[in-house]
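Start at 1 with the first residue, then count along the sequence.
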Amino acid sequence: MSGLDFGIAGKKAIVCASSKGLGFGCAEALASVGVNLLMCARGRDRLQQSANQLRKKYGVEITEVVCDVTTEEGRKAILEVAGRVDILINNAGGPPPGDFRDWTRDTWIAALDANMLSAFAMIQAVIDPMIDQKFGRIVNITSGSVKTPIPALGLSNGARAALTGFCGGLARQVAQHNVTVNGLLPGQYNTDRIETIIANTAKSENISLPMARKMLESRNPTKRLGEIHEFGFACAWMCSAQSGYLTGQNILIDGGSFNSTL
Ligand code: NAP
(Lines give C-alpha, C1' and ligand atoms only; values in the text may rest on other atoms or scores of the structure.)
Protein backbone atom coordinates (compact mmCIF):
# COMPACT_ATOMS: atom_id res chain seq x y z
CA MET A 1 0.00 0.00 0.00
CA SER A 2 1.37 3.40 -0.93
CA GLY A 3 0.47 6.69 0.83
CA LEU A 4 -2.84 7.28 2.54
CA ASP A 5 -5.53 8.23 0.01
CA PHE A 6 -8.70 9.87 1.34
CA GLY A 7 -10.43 8.87 -1.92
CA ILE A 8 -12.48 12.06 -2.20
CA ALA A 9 -10.44 14.11 -4.70
CA GLY A 10 -12.79 15.79 -7.18
CA LYS A 11 -15.79 15.53 -4.85
CA LYS A 12 -17.75 18.63 -3.82
CA ALA A 13 -18.26 19.92 -0.29
CA ILE A 14 -20.42 22.69 1.09
CA VAL A 15 -18.56 24.05 4.11
CA CYS A 16 -20.83 26.43 5.99
CA ALA A 17 -19.44 29.41 7.91
CA SER A 18 -15.92 28.87 6.62
CA SER A 19 -14.10 32.17 6.07
CA LYS A 20 -12.11 31.61 9.28
CA GLY A 21 -11.95 29.51 12.42
CA LEU A 22 -13.04 25.87 12.60
CA GLY A 23 -15.03 26.06 9.35
CA PHE A 24 -11.95 27.31 7.53
CA GLY A 25 -9.87 24.53 9.15
CA CYS A 26 -12.30 21.98 7.69
CA ALA A 27 -12.35 23.72 4.29
CA GLU A 28 -8.55 23.70 4.13
CA ALA A 29 -8.24 20.04 5.11
CA LEU A 30 -10.80 19.01 2.48
CA ALA A 31 -9.10 21.19 -0.18
CA SER A 32 -5.77 19.58 0.70
CA VAL A 33 -7.15 16.17 -0.30
CA GLY A 34 -8.54 17.54 -3.56
CA VAL A 35 -12.15 18.34 -2.65
CA ASN A 36 -13.83 21.24 -4.51
CA LEU A 37 -15.58 23.64 -2.18
CA LEU A 38 -18.52 25.91 -1.71
CA MET A 39 -17.57 28.26 1.12
CA CYS A 40 -19.86 30.76 2.80
CA ALA A 41 -19.81 33.55 5.40
CA ARG A 42 -21.57 36.86 5.94
CA GLY A 43 -18.47 39.01 5.44
CA ARG A 44 -17.40 39.26 1.79
CA ASP A 45 -13.77 40.38 2.11
CA ARG A 46 -12.56 37.71 4.48
CA LEU A 47 -14.44 35.03 2.53
CA GLN A 48 -12.81 36.06 -0.76
CA GLN A 49 -9.41 36.23 0.87
CA SER A 50 -9.78 32.76 2.40
CA ALA A 51 -11.14 31.21 -0.81
CA ASN A 52 -8.27 32.72 -2.83
CA GLN A 53 -5.76 31.38 -0.33
CA LEU A 54 -7.08 27.81 -0.72
CA ARG A 55 -7.43 28.06 -4.52
CA LYS A 56 -3.83 29.17 -4.83
CA LYS A 57 -2.46 26.59 -2.41
CA TYR A 58 -4.43 23.50 -3.51
CA GLY A 59 -5.71 24.25 -7.04
CA VAL A 60 -9.27 23.16 -6.24
CA GLU A 61 -12.46 24.81 -7.55
CA ILE A 62 -14.11 27.09 -5.01
CA THR A 63 -17.46 28.88 -5.13
CA GLU A 64 -18.02 31.63 -2.55
CA VAL A 65 -21.48 32.58 -1.34
CA VAL A 66 -21.83 35.66 0.87
CA CYS A 67 -24.82 34.85 3.06
CA ASP A 68 -26.19 34.16 6.51
CA VAL A 69 -26.60 30.39 6.61
CA THR A 70 -29.08 30.67 9.48
CA THR A 71 -31.63 32.35 7.21
CA GLU A 72 -33.83 30.78 4.57
CA GLU A 73 -32.56 33.22 1.92
CA GLY A 74 -28.97 32.41 2.84
CA ARG A 75 -29.48 28.67 2.45
CA LYS A 76 -31.37 29.22 -0.82
CA ALA A 77 -28.42 31.22 -2.16
CA ILE A 78 -26.08 28.33 -1.31
CA LEU A 79 -28.28 25.59 -2.73
CA GLU A 80 -28.97 27.48 -5.97
CA VAL A 81 -25.31 27.36 -6.97
CA ALA A 82 -24.17 24.20 -5.17
CA GLY A 83 -24.77 21.63 -7.95
CA ARG A 84 -23.87 18.07 -6.94
CA VAL A 85 -23.03 17.85 -3.23
CA ASP A 86 -21.02 14.93 -1.82
CA ILE A 87 -20.08 16.43 1.54
CA LEU A 88 -21.91 18.85 3.84
CA ILE A 89 -20.21 20.50 6.80
CA ASN A 90 -22.75 22.32 8.95
CA ASN A 91 -21.45 25.25 10.97
CA ALA A 92 -22.58 28.70 12.17
CA GLY A 93 -21.91 31.07 15.04
CA GLY A 94 -22.99 29.93 18.50
CA PRO A 95 -25.83 31.43 20.56
CA PRO A 96 -24.96 34.01 23.23
CA PRO A 97 -24.42 33.12 26.91
CA GLY A 98 -27.01 34.19 29.45
CA ASP A 99 -29.29 33.41 32.38
CA PHE A 100 -32.10 30.96 31.66
CA ARG A 101 -34.51 33.15 33.68
CA ASP A 102 -34.29 35.81 31.00
CA TRP A 103 -35.07 33.52 28.07
CA THR A 104 -38.43 33.61 26.37
CA ARG A 105 -39.90 31.28 23.78
CA ASP A 106 -38.52 33.68 21.12
CA THR A 107 -34.99 33.40 22.58
CA TRP A 108 -35.20 29.64 22.29
CA ILE A 109 -36.67 29.70 18.79
CA ALA A 110 -33.78 31.95 17.64
CA ALA A 111 -31.18 29.55 19.13
CA LEU A 112 -32.90 26.50 17.68
CA ASP A 113 -33.17 28.22 14.30
CA ALA A 114 -29.46 29.02 14.21
CA ASN A 115 -27.98 25.88 15.73
CA MET A 116 -30.44 23.12 14.95
CA LEU A 117 -32.99 23.98 12.28
CA SER A 118 -30.60 25.60 9.79
CA ALA A 119 -28.42 22.47 9.89
CA PHE A 120 -31.56 20.35 9.55
CA ALA A 121 -32.69 22.35 6.50
CA MET A 122 -29.29 21.93 4.81
CA ILE A 123 -29.33 18.19 5.51
CA GLN A 124 -32.89 17.86 4.20
CA ALA A 125 -31.90 19.64 0.97
CA VAL A 126 -28.88 17.45 0.14
CA ILE A 127 -29.57 14.03 1.59
CA ASP A 128 -31.82 12.46 -1.05
CA PRO A 129 -29.38 13.18 -3.89
CA MET A 130 -26.61 11.75 -1.65
CA ILE A 131 -28.68 8.58 -1.20
CA ASP A 132 -29.22 8.34 -4.98
CA GLN A 133 -25.51 8.78 -5.73
CA LYS A 134 -24.58 6.26 -3.00
CA PHE A 135 -22.12 8.62 -1.37
CA GLY A 136 -22.62 11.30 1.21
CA ARG A 137 -20.74 12.63 4.22
CA ILE A 138 -22.47 14.98 6.64
CA VAL A 139 -20.54 16.50 9.55
CA ASN A 140 -22.07 18.87 12.07
CA ILE A 141 -19.66 21.13 13.91
CA THR A 142 -21.36 21.35 17.30
CA SER A 143 -19.53 21.83 20.61
CA GLY A 144 -17.96 19.98 23.50
CA SER A 145 -21.00 21.31 25.37
CA VAL A 146 -23.08 18.51 23.82
CA LYS A 147 -21.13 16.10 26.02
CA THR A 148 -20.07 18.33 28.89
CA PRO A 149 -22.60 21.17 29.30
CA ILE A 150 -21.41 24.72 29.91
CA PRO A 151 -23.93 26.26 32.37
CA ALA A 152 -23.84 29.80 30.93
CA LEU A 153 -24.34 28.44 27.42
CA GLY A 154 -27.73 26.82 28.00
CA LEU A 155 -29.02 27.79 24.57
CA SER A 156 -26.03 26.13 22.92
CA ASN A 157 -26.27 23.05 25.17
CA GLY A 158 -29.95 22.64 24.27
CA ALA A 159 -29.98 23.46 20.57
CA ARG A 160 -26.86 21.46 19.73
CA ALA A 161 -27.99 18.45 21.76
CA ALA A 162 -31.29 18.55 19.85
CA LEU A 163 -29.45 18.49 16.51
CA THR A 164 -27.23 15.68 17.76
CA GLY A 165 -30.24 13.62 18.87
CA PHE A 166 -31.99 14.02 15.55
CA CYS A 167 -28.83 13.12 13.62
CA GLY A 168 -28.29 9.99 15.72
CA GLY A 169 -31.53 8.56 14.35
CA LEU A 170 -31.00 9.91 10.85
CA ALA A 171 -27.55 8.27 10.64
CA ARG A 172 -29.15 4.84 11.08
CA GLN A 173 -31.77 5.55 8.41
CA VAL A 174 -29.29 6.40 5.65
CA ALA A 175 -26.19 4.30 6.50
CA GLN A 176 -27.14 1.56 3.99
CA HIS A 177 -26.68 4.10 1.17
CA ASN A 178 -23.09 5.00 2.12
CA VAL A 179 -24.32 8.29 3.56
CA THR A 180 -22.84 9.02 6.98
CA VAL A 181 -23.87 11.60 9.57
CA ASN A 182 -21.48 12.48 12.38
CA GLY A 183 -20.68 15.28 14.81
CA LEU A 184 -17.38 16.96 15.63
CA LEU A 185 -17.32 18.48 19.12
CA PRO A 186 -14.67 21.17 19.56
CA GLY A 187 -13.16 21.95 22.93
CA GLN A 188 -11.26 25.26 23.13
CA TYR A 189 -9.55 26.35 19.92
CA ASN A 190 -7.31 29.18 18.95
CA THR A 191 -9.88 31.09 16.86
CA ASP A 192 -11.18 34.66 17.03
CA ARG A 193 -14.10 33.38 19.08
CA ILE A 194 -11.77 32.30 21.89
CA GLU A 195 -10.75 35.95 22.35
CA THR A 196 -14.24 36.65 23.75
CA ILE A 197 -13.87 33.78 26.21
CA ILE A 198 -10.41 35.05 27.19
CA ALA A 199 -11.82 38.55 27.71
CA ASN A 200 -14.68 37.17 29.87
CA THR A 201 -12.23 35.09 31.92
CA ALA A 202 -9.94 38.11 32.41
CA LYS A 203 -12.91 40.13 33.64
CA SER A 204 -14.37 37.50 35.96
CA GLU A 205 -10.97 36.57 37.45
CA ASN A 206 -9.71 40.19 37.47
CA ILE A 207 -6.52 39.26 35.60
CA SER A 208 -4.81 40.45 32.40
CA LEU A 209 -5.66 39.02 28.95
CA PRO A 210 -2.33 37.14 28.62
CA MET A 211 -2.85 35.68 32.10
CA ALA A 212 -6.39 34.62 31.20
CA ARG A 213 -5.09 32.91 28.05
CA LYS A 214 -2.40 31.14 30.08
CA MET A 215 -5.06 30.03 32.55
CA LEU A 216 -7.21 28.47 29.82
CA GLU A 217 -4.16 26.81 28.29
CA SER A 218 -2.90 25.43 31.59
CA ARG A 219 -6.31 23.89 32.40
CA ASN A 220 -6.05 21.66 29.33
CA PRO A 221 -4.02 18.41 29.56
CA THR A 222 -2.08 19.49 26.44
CA LYS A 223 -1.33 22.87 28.10
CA ARG A 224 -2.48 24.68 24.98
CA LEU A 225 -5.53 25.51 22.89
CA GLY A 226 -6.41 23.45 19.83
CA GLU A 227 -5.39 24.56 16.34
CA ILE A 228 -7.85 24.65 13.45
CA HIS A 229 -5.76 22.35 11.24
CA GLU A 230 -6.04 19.65 13.93
CA PHE A 231 -9.83 19.98 13.86
CA GLY A 232 -9.86 20.09 10.05
CA PHE A 233 -7.87 16.88 9.79
CA ALA A 234 -10.53 15.02 11.81
CA CYS A 235 -13.19 16.44 9.51
CA ALA A 236 -11.39 15.22 6.37
CA TRP A 237 -10.98 11.78 7.94
CA MET A 238 -14.73 11.64 8.71
CA CYS A 239 -15.44 12.55 5.09
CA SER A 240 -12.99 10.10 3.51
CA ALA A 241 -14.18 7.39 1.15
CA GLN A 242 -12.97 4.81 3.70
CA SER A 243 -15.16 6.21 6.50
CA GLY A 244 -18.44 4.63 5.36
CA TYR A 245 -18.60 2.49 8.53
CA LEU A 246 -18.19 5.53 10.80
CA THR A 247 -21.63 6.96 11.38
CA GLY A 248 -23.87 8.27 14.15
CA GLN A 249 -20.76 9.23 16.14
CA ASN A 250 -19.88 12.39 18.00
CA ILE A 251 -16.19 12.91 18.45
CA LEU A 252 -14.90 15.28 21.07
CA ILE A 253 -11.60 16.91 20.08
CA ASP A 254 -10.61 18.81 23.17
CA GLY A 255 -7.04 17.83 24.07
CA GLY A 256 -8.38 15.44 26.72
CA SER A 257 -10.12 18.19 28.66
CA PHE A 258 -13.21 16.05 29.30
CA ASN A 259 -11.96 13.58 31.85
CA SER A 260 -13.29 10.09 31.20
CA THR A 261 -11.96 6.70 30.23
CA LEU A 262 -14.52 6.18 27.44
P1 NAP B 1 -14.97 32.03 14.40
O2 NAP B 1 -13.50 31.90 14.42
O3 NAP B 1 -15.59 33.29 14.92
O4 NAP B 1 -15.44 31.80 12.87
C5 NAP B 1 -16.80 31.77 12.55
C6 NAP B 1 -16.94 31.64 11.03
O7 NAP B 1 -18.29 31.43 10.71
C8 NAP B 1 -16.53 32.90 10.28
O9 NAP B 1 -16.07 32.53 9.01
C10 NAP B 1 -17.86 33.66 10.18
O11 NAP B 1 -17.81 34.61 9.15
C12 NAP B 1 -18.80 32.49 9.90
N13 NAP B 1 -20.18 32.68 10.32
C14 NAP B 1 -20.62 32.93 11.59
N15 NAP B 1 -21.96 33.01 11.60
C16 NAP B 1 -22.38 32.80 10.31
C17 NAP B 1 -23.64 32.78 9.70
N18 NAP B 1 -24.76 32.99 10.40
N19 NAP B 1 -23.72 32.52 8.37
C20 NAP B 1 -22.59 32.34 7.65
N21 NAP B 1 -21.35 32.34 8.19
C22 NAP B 1 -21.25 32.59 9.50
O23 NAP B 1 -15.70 30.87 15.20
P24 NAP B 1 -15.19 29.38 15.54
O25 NAP B 1 -14.37 29.43 16.76
O26 NAP B 1 -14.63 28.76 14.31
O27 NAP B 1 -16.57 28.66 15.94
C28 NAP B 1 -17.37 27.97 14.99
C29 NAP B 1 -18.51 27.26 15.74
O30 NAP B 1 -17.96 26.32 16.66
C31 NAP B 1 -19.39 28.21 16.57
O32 NAP B 1 -20.72 27.76 16.52
C33 NAP B 1 -18.84 28.05 17.96
O34 NAP B 1 -19.81 28.35 18.94
C35 NAP B 1 -18.46 26.58 17.95
N36 NAP B 1 -17.45 26.27 18.96
C37 NAP B 1 -16.22 26.84 18.88
C38 NAP B 1 -15.28 26.53 19.87
C39 NAP B 1 -13.88 27.15 19.84
O40 NAP B 1 -13.09 26.93 20.76
N41 NAP B 1 -13.50 27.89 18.81
C42 NAP B 1 -15.61 25.68 20.92
C43 NAP B 1 -16.87 25.11 20.96
C44 NAP B 1 -17.79 25.43 19.97
P45 NAP B 1 -18.76 35.91 9.17
O46 NAP B 1 -18.71 36.48 10.56
O47 NAP B 1 -18.20 36.81 8.13
O48 NAP B 1 -20.14 35.42 8.81
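Salt bridge present: Lys57 and Glu28 bring a charged side-chain N and a carboxylate O closer than 4.0 Å. Between Arg84 and Asp86 there is a salt bridge, since at least one side-chain N of the basic residue sits less than 4.0 Å from a carboxylate O of the acidic one. Salt bridge absent: Glu64 and Arg46 never bring a charged side-chain N and a carboxylate O closer than 4.0 Å.
For the residue pair Thr70 / Asp68, a side-chain donor-acceptor distance below 3.5 Å is found, with atom types taken as modelled. A side-chain donor-acceptor contact under 3.5 Å links Asn220 and Thr222.
The main-chain N or O of Asn36 is never found under 3.5 Å from a side-chain atom of Lys12 such that the two would form a donor-acceptor pair. Here the side chain of Thr104 pairs a donor or acceptor atom with the backbone of Thr107 at under 3.5 angstrom.
In the hydrophobic clustering (ILVMFWY side chains linked at under 4.5 Å, chained through shared members), Ile194 is joined by Ile197, Ile198, Leu209, Leu216, Leu225.
Applying the salt bridge (charged side-chain N to carboxylate O under 4.0 Å, His left out) test to Glu80 and every residue at least two apart in sequence or in another chain returns Lys76.
Contact record, Val69 with Cys16: CG2-SG, 3.9 Å, taken as the closest heavy-atom pair. Minimum heavy-atom separation, Ala234 to Leu184: CB-CD2, 4.1 Å. Annotation for Leu155 and Ala111: closest pair CB-CB, 3.9 Å, computed over non-hydrogen atoms. Scanning all heavy atoms of the two residues, the minimum distance from Met238 to Gly183 falls at CE-O, 3.4 Å. When all heavy atoms are compared, the tightest approach of Asn115 to Pro95 is OD1-CD, 3.1 Å.
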For Met39 and Ser50, what are the C-alpha separation, side-chain angles and deciding distance, and is it a side chain to side chain contact (heavy atoms under 4.5 Å, CB included)? CA-CA 9 Å; Met39 297 169 71; Ser50 300; 4.1 Å; yes

Without placing hydrogens or testing angles, list every side-chain donor-acceptor pair under 3.5 Å for residues 163-170, not counting sequence neighbours.
unit_1	atom_1	unit_2	atom_2	d
Thr164	OG1	Arg160	O	2.7

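Taking 4.5 Å as the limit, some side-chain heavy atom of Ile78 sits within range of a side-chain heavy atom of Cys67.
Figure legend: Arg193 and Tyr189 shown without cation-pi pairing, the cationic atom not lying both under 6.0 angstrom from the six-membered ring centre and within 45 degrees of its axis.
In the displayed structure, Asp102 atom CG is contacted under 6.0 Å by more than 12 heavy atoms of other residues, nucleotides or ligands. Counting heavy atoms of neighbouring residues, nucleotides and ligands inside a 6.0 Å radius, atom CD of Glu61 does not exceed 12 of them.
Considering Glu230, Arg224, Arg213, Glu217 as possible partners of Asn190, the one that fulfils the side chain to side chain donor-acceptor pair (under 3.5 Å) test is Arg213. Partner of His177 under the side-chain contact (heavy atoms from CB on, under 4.5 Å) criterion, chosen from Ile131, Ile127, Asp132: Ile131.
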